Amino acid sequence: MADELGRKWDRCLADTALKTVTGVGIGIVFSVLFFKRRTWPVSFGSGLGLGMGYSNCQHDFRSPYLIHGRMVKEQS
Amino acid sequence: MLRVCLRGVKATAQKSSGRIRLTNVQQCREYTTGESSGASRVVAAGLLTVTGGIGGTIIYAKWDHKFRAAVEKNVPYSEWLLGLALGPVSQDSGLPIRKPMESIQPPSMLEKQMRTSKAKSEKKLKETTEYGAQDSGPTSPQPAQNIQEASAEATQIISAISEVQSIPAPCDTEPTAAAGDCKECSDPNIALETATVFQDTKSAGTAEPLRERSAEEVAARLAQQNQDEKDIITSLSARLDDSLASSAKATLQAIGAQEAALQAITQHTHKLKEAMEAEGPSEEKSTQWKDLEAALADRTTSVNDAKTALVKANEALDSLKSVIDKSKGLKITAARPLILAAEENLHKMVVDLDKVVSKVQSAESEAKIVAQYTELVHEAKQQFQREVSSLTPEIQANWKGLTGKLSTDDLNALIAHAHRRIDQLNRELAEQRVREQIHMEAALEQQRAEDQRALDKAVGTAKQHVKEEARLEQERKLAELREVIEAEMRTQLRRQAAAHTDHVRDVLKVQEQELRAEAEQELSSKLLAQETRYRQLTQEQLDDFTLDMNAAYARLKGVEEAIDSHVEAEEEARKAHRLWLSVEALTYTLKTASTESPSMPLEDAAEAVRASCVENDFALALASALPEESLKRGVYSEASLRARFNSLRSLARRVALIDESHNTLYQYFLSYVQAALLFEKQQEVPPTQLRSEDLDPFKLLSYASYCLEHGDLELAAKLVNQLRGEARRVVEDWLIEARLTLETRQVISLLSAYANAVGLGTTQAP
């Protein structure tokens, strides 16, 4: 239990880094390909990646507290 | 009664007149005075009414006795007044009729019936004998014997008969016929009884209380009576036969004599007639006369004989009659037919005798006539003879043979005499003719008188005969009727007897049942008593024996139990020892836990413990209460937990702010900052009671750390349990482990305590 937090952090960081880099990469690609080497796709991509990573990380840390409801159909 | 009425009337009249006089006087006085008219008038009227009422009551009471009784009952002093006025209450004439009936109480009980019936029957038959009753039915001795076979029943049936008869019999003036008829069936018995009673006591009428005779006595008496009756009957029949025979003989003799006399008379008459009429020669005449004389002698002798024989026969008949009357006087039914037959015979004999006597008498009268005639003729002859002899003295009597000897003178004289005689006779004849009527009448009168006498006599005898015959006929009819009635009565009585026997049988049955039930009850109760006594005795014996046995057994048992308990105690001690050993082993396994790794799995030790406490539920429960995890994997030691906690502490500090609502990454960042910036005591003494501000994670952790440092894992676990949120999640593992360890330790401590206790318990003091 105690290790889980550490593991979560690991995952989180790794994931965020990956996503950022990927975003950057895709940004670069896009900027190179479609946006005439502007910088905004890179930043956009990096932001995208970072955001995604952050969101994922947060969701991962929240996951124990999330309540999953289920629709129960009334038995008639 | 009349005097009473007169007295009453007088008294009433006096009183009322007295009173009326008074009232009259009063009224007169009132008329004279006049002033005090109103009140005194009222008083007078009242008095008058009262007097009238009393007088009317008295008069009506005199007339109606019921009213008088009612008045006497209701009004207090009316008895005195009415007694004074009318005299005492007169009895009704209707009561005496009932008295004799009431005096004879209808019997109720069977025995009383029998007793009273016997008395009554005797009494009644005494009455019948006193009255000189007609003959009872012709029960001959043979049926009497047959009837006597049922005599006992008949005597019992008498009760029924007596009941029926008790009421009308005494009041009837002729209970004889009824009693006699109804007593047919029991007549032999009752006749016997009466005979015996006659012989024993001649007391009449009163019903003596007879003691009940026993059956054998009754039978003996009846037999005795039977015998007596038989004897009497035989004697009677013998006497009757004797007298009958003698009278028959005498009668026959008389009849014979009479017949002989008749014959002689007729003979004589005939001879006389012949002698008169025959005009034979003298020798024949003389023989005839001689014959006549002989016949006359014969006749006289035979008549005398007949007379004597008649006298004898009458005597015999009289004796027979007396015998018959005497036997009638004995009143034995069995003899009745004999008597009747004897009477009939008597009657017949009398009738025959009378017939013959009348025949003889008629013959005699005829003979008298003929004799008279002969006498007359003889006289005439004599006269003529005398005349002739007077005329012709020398002529002899026998004038018939004289025709040759007579002279003419004599003849002329004779003829003249004859003529003169003829003239005389003619004159006499004329005279006679003239006096014919008178003579005829006289003769007729005489004849009539004689005829009358003869008629009277004949009528008298005929009447007697007829009466006698009628009487005999009546008696015969009576006898027949009696027989019929007796038969009917017998059937009815038989029916009654049957009903009675049925009833008696039923009663007897009921009685028998009752008696049997009683007897059985008695028997059963006695038996029960005996049985209970016997049982009691045996029970007592058994109880004593059982007591002894129980005592011995108890002692033996005590000894055995002592031994057993000793053995048990030792066994228990051994077991406890084993348990303790196993528990010690279990405790030791706990100690095998190193710093990082858990202890050995407690499975084997637990198994050992379980094996050593198989019968012990408590220990077994405890042994099975060890958590699975500890059994499989073992438990961590406290030291390891402590170490872990230290590392966990920092982690828990770092996520102190994170919980369900605050769990963003920013909160994480903040939480980290907090953890970095916040400093708390490493170890803090936990308070005895946690307040709300003590629930801060940092504080809790410091408390827990302190507790751990001081070996109180339990409290540390409790404190750590208060963490909430992410911190709690972080320390969850540790908490579980701590719990496990705690649990195991608790169980083991319990077990060891228990084992110690058991061991202490089973250890015997030296």
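Reminder, nothing fancy here: chain letters follow the sequence lines and each chain counts from 1. Everything quoted here is computed from the prediction, not taken from an experiment.
Between A:Gln58 and B:Asn663, the shortest heavy-atom contact is CG-O, 4.2 Å.
Here disulfide (SG to SG under 2.5 Å) pairs that include residues 14-76 of chain A, with residues two or more places apart or in two chains, are A:Cys12-A:Cys57.
Here CZ of A:Arg62 is found 9.5 Å from CD of B:Gln667. Values are rounded to the nearest 0.5 Å. Taken from CD in B:Glu660 to CD1 in A:Ile67, the straight-line distance is 8.5 Å, to the nearest 0.5 Å. Atom-to-atom distance recorded for A:Tyr54:OH and B:Leu665:CG is 4.5 Å, nearest 0.5 angstrom. In this structure, CG in A:Leu5 is found 9.0 Å from CD1 in B:Ile658, a value given to the nearest 0.5 Å.
B:Glu726 and A:Tyr65 form a side-chain donor-acceptor contact under 3.5 Å, judged by distance and modelled atom types alone.
The aromatic rings of B:Tyr668 and A:Trp9 stand perpendicular to each other, their planes meeting at an angle above 60°, with 30° marking the opposite boundary.
Shown here is A:Phe35, whose CZ atom has more than 12 heavy atoms of other residues, nucleotides or ligands within 6.0 Å. Counting heavy-atom neighbours within 6.0 Å of B:Lys681 NZ, excluding the residue itself, gives a total of 12 or less. Other residues, nucleotides and ligands contribute only 12 or fewer heavy atoms inside 6.0 Å of the CZ atom of A:Arg38.
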